[in-house]
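Just so we're on the same page: letters track the sequence lines, and every chain starts at 1.
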Protein chains: 2
Amino acid sequence: MAQHTSAPSPAGAQRDLDSPARTTREQILEEALALFAQGGYGGTSLNDIAAGVGIRRPSLLHHFPSKEALYQEVFELLLSDWFERLAGAIGSAERGWDKVELVLRAGFRFFADNPSYVRMVRREAIDGGQHLGIDLASVLRPSFDLAADYFEREMQTGTFRTQDSRQLLITGYGALLSYFSDEPFLEGLLDMAPMSADALANREEHIVQFFRAALLP
Amino acid sequence: MAQHTSAPSPAGAQRDLDSPARTTREQILEEALALFAQGGYGGTSLNDIAAGVGIRRPSLLHHFPSKEALYQEVFELLLSDWFERLAGAIGSAERGWDKVELVLRAGFRFFADNPSYVRMVRREAIDGGQHLGIDLASVLRPSFDLAADYFEREMQTGTFRTQDSRQLLITGYGALLSYFSDEPFLEGLLDMAPMSADALANREEHIVQFFRAALLP
DNA sequence: GCAGACCTACCTACCTGTCGGTAGTTTTGG
DNA sequence: CCAAAACTACCGACAGGTAGGTAGGTCTGC
């Protein structure tokens with residue numbers, strides 16, 4: 001809330017031209033995202049983040065009042081990116097299985113593009129939102145309920161097999177997120193790097209095919 | 001290694017009679033499991049663990065040489081419990097879907113009985129085994145490969161639908177673990193407590209039914 | 001000249017692990 | 001049989017290190 005909207009740049013003028021010239025604030029957010037995702041809240045020090053940006057810790061604290069405030073802002077950025085990216089697929093006019101596949105693929109690709117997001121969300125889901133002012137579950141709950149309603153409607157018309165829609169969503173959540181959040185572990189379980197283009201294509205097709213088999217009568 | 005083999009008890013005499021009278025060492029392991037699962041390695045201090053047992057930190061370090069050694073022993077205990085509990089289901093003589101259902105249910109119930117185990121494993125999977133001498137993936141890999149072989153054989157005989165067996169296992173892993181590891185998050189997403197008997201029964205039936213639908217032709 | 005960005009130096013709180021010592025029990029040997 | 005020796009379990013105090021956060025000064029660009 002109360003977006004500072006990139007304080008230093010005059011009025012958001014030519015931002016696309018000098019895109020590599022990010023403000024220090026943006027660099028901090030970027031570095032913080034990567035490190036929080038990698039090491040969690042407690043496992044990441046402000047020194048690490050500052051060093052990654054190339055400044056000292058007090059300079060970082062000039063841009064953000066505290067570690068917790070920085071973490072919250074990273075998380076808010078994450079959530080707004082998430083909603084923005086999935087809005088198209090969710091709001092699409094498709095029906096039945098086509099829409100599910102659309103959302104599934106959009107989610108998968110978003111997570112593949114932003115594995116750090118997945119790891120941060122997963123950590124927060126495990127911890128139960130200790131470092132977060134906002135409650136992750138209450139933010140996601142409206143979408144969750146809408147999705148459950150969608151499945152139930154399609155089940156009643158016979159488009160999908162009848163089953164517990166919320167359990168289905170939880171399973172989908174687990175299938176989508178686990179691959180990215182547990183990538184360091186899967187790395188040792190598979191013969192190929194989980195984030196390679198080939199492996200990602202495999203995974204996406206499997207998920208789509210798997211859910212189609214479970215949903216269509 | 002170099003097992004001390006329960007130093008205090010004289011010669012392992014009547015251990016079953018005074019089972020509630022656990023040794024301090026056992027109490028430490030128990031408390032450490034709960035706290036490591038809840039807060040992770042970095043988020044748990046030896047003071048917290050010692051306080052939970054009712055002793056001071058130096059006394060705890062009398063029983064374990066270091067925090068890392070304690071963590072490793074907790075994890076080894078976890079893994080041996082895991083293998084012991086699932087050995088029956090995995091070694092069963094059943095074939096085809098019946099065996100999959102057996103293992104699925106055995107795993108589910110083991111995790112339901114030991115949610116702390118799931119949370120510790122999940123944290124380790126995310127972190128990639130930073131605090132562990134052993135590598136989780138290499139320990140689990142033989143079972144993983146055996147399971148993949150099993151699925152592939154059953155697919156070739158037409159018992160199961162043909163699909164990527166390793167992707168299938170990863171999806172099963174995600175479906176089973178996520179429910180327990182992310183319980184604090186799911187608590188806010190559902191209307192019932194995820195670990196209540198009703199909710200657990202729901203979840204178990206969903207998983208079994210879901211995988212049956214995806215596997216059977 | 002002044003505001004924003006950055007710095008060094010410092011503070012307090014907390015962490016793990018060690019040291020020296022104590023009380024009580026077990027082992028040993030004469 | 002019993003006292004000396006050894007061992008177990010515990011503790012308070014401390015050392016060394018790192019964390020987040022603050023105070024105050026310097027530099028730079030408008």
Just do the ring pair (Phe, Tyr, Trp, His ring centres under 6.0 Å) check on Tyr71(B) and Phe64(B) with the steps written out, would you? CA-CA 10 Å; Tyr71(B) 184 86; Phe64(B) 298 89; over 10 Å; no
Within this structure, what is the CG-to-P distance between Leu60(A) and dT22(D), rounded to whole angstrom? 13 Å
Considering only dC10(D), dC15(C), dT18(C), which nucleotide approaches the side chain of His62(B) most closely? dC10(D)
Would the Tyr117(A) and Phe110(A) ring centres measure less than 6.0 Å apart? yes
Just call it for Ile55(B): base, sugar-phosphate, or nothing, with non-hydrogen atoms closer than 4.0 Å on any strand. sugar-phosphate
Answer yes or no: does a side-chain N or O of Ser66(B) lie under 4.0 Å from OP1 or OP2 of dT16(C)? no
Could you check which of dG21(D), dC10(D), dC6(C) has an atom nearest any side-chain atom of His63(A)? dC6(C)
Does a donor on one side chain and an acceptor on the other come within less than 3.5 Å for Tyr173(B) and Asp182(A)? yes
Rounding to a whole Å, what distance do you find between Lys67(B):NZ and dT18(C):C1'? 17 Å
Let's test your reading of the model: under 3.5 Å, does the base of dG17(C) pair with the side chain of Arg57(B) as donor and acceptor? yes
Under 4.0 Å, counting only non-hydrogen atoms across every strand here, what does Ser45(A) touch: a base, just sugar-phosphate, or nothing? sugar-phosphate
Measure the distance from CG on Leu35(B) to P on dC15(C) and round it to the nearest whole Å. 13 Å
Could you work out which one of dC7(C), dG21(D), dC11(D) sits closest to the side chain of Arg56(B)? dC11(D)
Phosphate OP1/OP2 of dA19(D) contacted by Asn47(A) side-chain N/O (<4.0 Å): yes
According to a strict under-4.0 Å criterion, is Ser59(A) in side-chain N/O contact with OP1 or OP2 of dA5(C)? no
Arg105(A)/Glu205(A) ion pair, N-O < 4.0 Å: yes
For Arg122(B) and Ser178(B), test the side chains for any donor-to-acceptor distance below 3.5 angstrom and give the result as yes or no. yes
Rounded to whole angstroms, how far apart are CG on Leu46(A) and C1' on dG20(D)? 6 Å
Nearest-Å distance for atom pair CZ/P, residues Arg25(B) and dC10(D): 12 Å
Applying a 4.0 Å non-hydrogen cut-off, can you work out what Leu61(B) is touching in the nucleic acid: base, sugar-phosphate, or nothing? base
Test item: Ser165(B) side-chain N/O and Phe151(B) main-chain N/O as donor-acceptor pair under 3.5 Å: no
Do Thr24(A) and His63(A) get their side chains close enough for a donor-acceptor pair, meaning under 3.5 Å? no
Secondary structure string for DNA chain D (Watson-Crick or G-U under 3.5 angstrom, | for other-strand pairs): ||||||||||||||||||||||||||||||
If you pin Asp48(A) and Pro58(A) to their nearest nucleotides in DNA chain D, which one's is more 5'? Asp48(A)
To the nearest Å, how far apart are Tyr41(B) OH and dC15(C) C1'? 11 Å
Could you tell me how far apart Glu68(A) (CD) and dG20(D) (C1') are, to the nearest whole angstrom? 12 Å
Can you check whether Leu60(A) reaches Asn47(A) side chain to side chain, under 4.5 Å on heavy atoms? no
